[in-house]
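Here is the structure we will look at.
Both backbone and side-chain heavy atoms feed into the values below; hydrogens, waters and symmetry mates do not.
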Amino acid sequence: MFDVINVDFDNLMYEEESFDLIFSNDAFMHSVDTGKLMTSLAGLLKKDGIMVFSDIIEDPNVDKKDEKLVDFYARYKITNLGNRELYDKSLKAAGMKKILAHTDGGQAITRHFGM
């Protein structure tokens, strides 16, 4: 059995080790502090818990002054997107192990947002 929970993940109000599974689809990009979010989510998982997520990520060396990105950030009220290095570092520091990672190389975001 499972419940779908919509939360403000920048203000999580759950006890440590509350969940067996955390699943998110293209939502973490809306977090104010993605690194803090990854650490918080890892702490909410029970021992041997699993987190499955997809997200729109950016290259850590991207030009944040690019006009298209500035518009994108403004539209979503964020200052940056998460990136693979940030996710890996944050989750590893929280004691999590990556099982699988995949990227489509940006084709989906280009199609979706017309960038």
Side-chain angles (χ1 to χ4, degrees):
M1 179 171 170
F2 67 90
D3 291 319
V4 175
I5 304 168
N6 292 309
V7 298
D8 173 358
F9 45 64
D10 289 314
N11 296 299
L12 296 170
M13 304 289 187
Y14 297 98
E15 291 184 30
E16 295 286 305
E17 299 183 16
S18 293
F19 298 96
D20 296 305
L21 171 70
I22 294 174
F23 176 84
S24 176
N25 185 35
D26 294 344
F28 294 162
M29 65 178 254
H30 298 284
S31 175
V32 175
D33 186 338
T34 309
K36 179 182 172 189
L37 172 62
M38 294 295 102
T39 302
S40 296
L41 291 173
L44 294 178
L45 286 170
K46 293 179 182 175
K47 186 177 188 250
D48 297 326
I50 296 172
M51 180 164 48
V52 178
F53 68 94
S54 67
D55 206 10
I56 297 170
I57 61 172
E58 66 187 12
D59 184 306
N61 301 312
V62 70
D63 177 6
K64 294 190 182 296
K65 295 180 182 177
D66 179 284
E67 183 180 326
K68 290 179 182 179
L69 277 178
V70 170
D71 291 343
F72 182 85
Y73 295 155
R75 185 174 359 158
Y76 288 94
K77 299 178 178 135
I78 57 176
T79 57
N80 66 331
L81 293 167
N83 63 66
R84 187 176 300 233
E85 290 175 11
L86 173 65
Y87 287 148
D88 288 349
K89 181 180 175 184
S90 300
L91 293 171
K92 184 176 181 179
M96 296 195 65
K97 178 176 120 181
K98 179 168 53 175
I99 297 172
L100 176 67
H102 172 74
T103 181
D104 76 353
Q107 290 85 13
I109 191 170
T110 302
R111 275 192 312 272
H112 184 77
F113 292 103
M115 296 175 72

Should Y73 and Y76 be regarded as members of a common hydrophobic cluster, given that ILVMFWY residues are connected when their side-chain heavy atoms come within less than 4.5 Å of each other, either directly or indirectly? yes
Mind listing the closest non-hydrogen atom pair of G35 and S90 along with its distance? CA-OG, 3.4 Å
D63 side chain reached by L69 side chain, heavy atoms, under 4.5 Å: no
Any link between I22 and Y14 through a network of hydrophobic side chains (Ile, Leu, Val, Met, Phe, Trp, Tyr) touching at under 4.5 Å? yes
Heavy atoms of D59 and N61 approach each other most closely as OD1-N, 2.6 Å
Membership question, hydrophobic clusters at under 4.5 Å side-chain separation (ILVMFWY): are V7 and L44 in the same one? yes
Test of understanding: clusters of I, L, V, M, F, W, Y form through side-chain heavy atoms closer than 4.5 Å, transitively. Do F19 and L21 belong to the same one? no
Verify side chain to side chain contact (heavy atoms under 4.5 Å, CB included) between L91 and K98, making sure each step is shown before the conclusion. CA-CA 8 Å; L91 293 171; K98 179 168 53 175; over 6 Å; no
Student check: side-chain heavy atoms of E58 and F72 closer than 4.5 Å: no
Which pair of heavy atoms, one from G43 and one from E16, lies closest together, and at what distance? O-OE1, 3.0 Å
For K64 and T79 the tightest heavy-atom approach is CD-O, 4.4 Å
Rounding to 0.5 Å, atoms CG (L12) and CG (L37) come to a distance of 6.5 Å
Between the side chain of S31 and the main-chain N/O of F28, is any donor-acceptor distance below 3.5 Å? no
Looking at OG1 of T39 and CE of M96, how far apart are the two atoms once the value is rounded to the nearest 0.5 Å? 10.5 Å
Closest heavy-atom pair, N25 versus S54, reported as atoms and distance to 0.1 Å, is OD1-OG, 2.6 Å
If you round to the nearest 0.5 Å, how far is NE2 of H30 from CG of L81? 9.0 Å
Is a side-chain N or O of D55 found less than 3.5 angstrom from the main chain of I57, in a donor-acceptor match? no
L86-M38 co-clustered via ILVMFWY side chain contacts under 4.5 Å: no
Taking all heavy atoms of K46 and all of S18, pick out the closest pair and write down the distance. CE-O, 3.8 Å
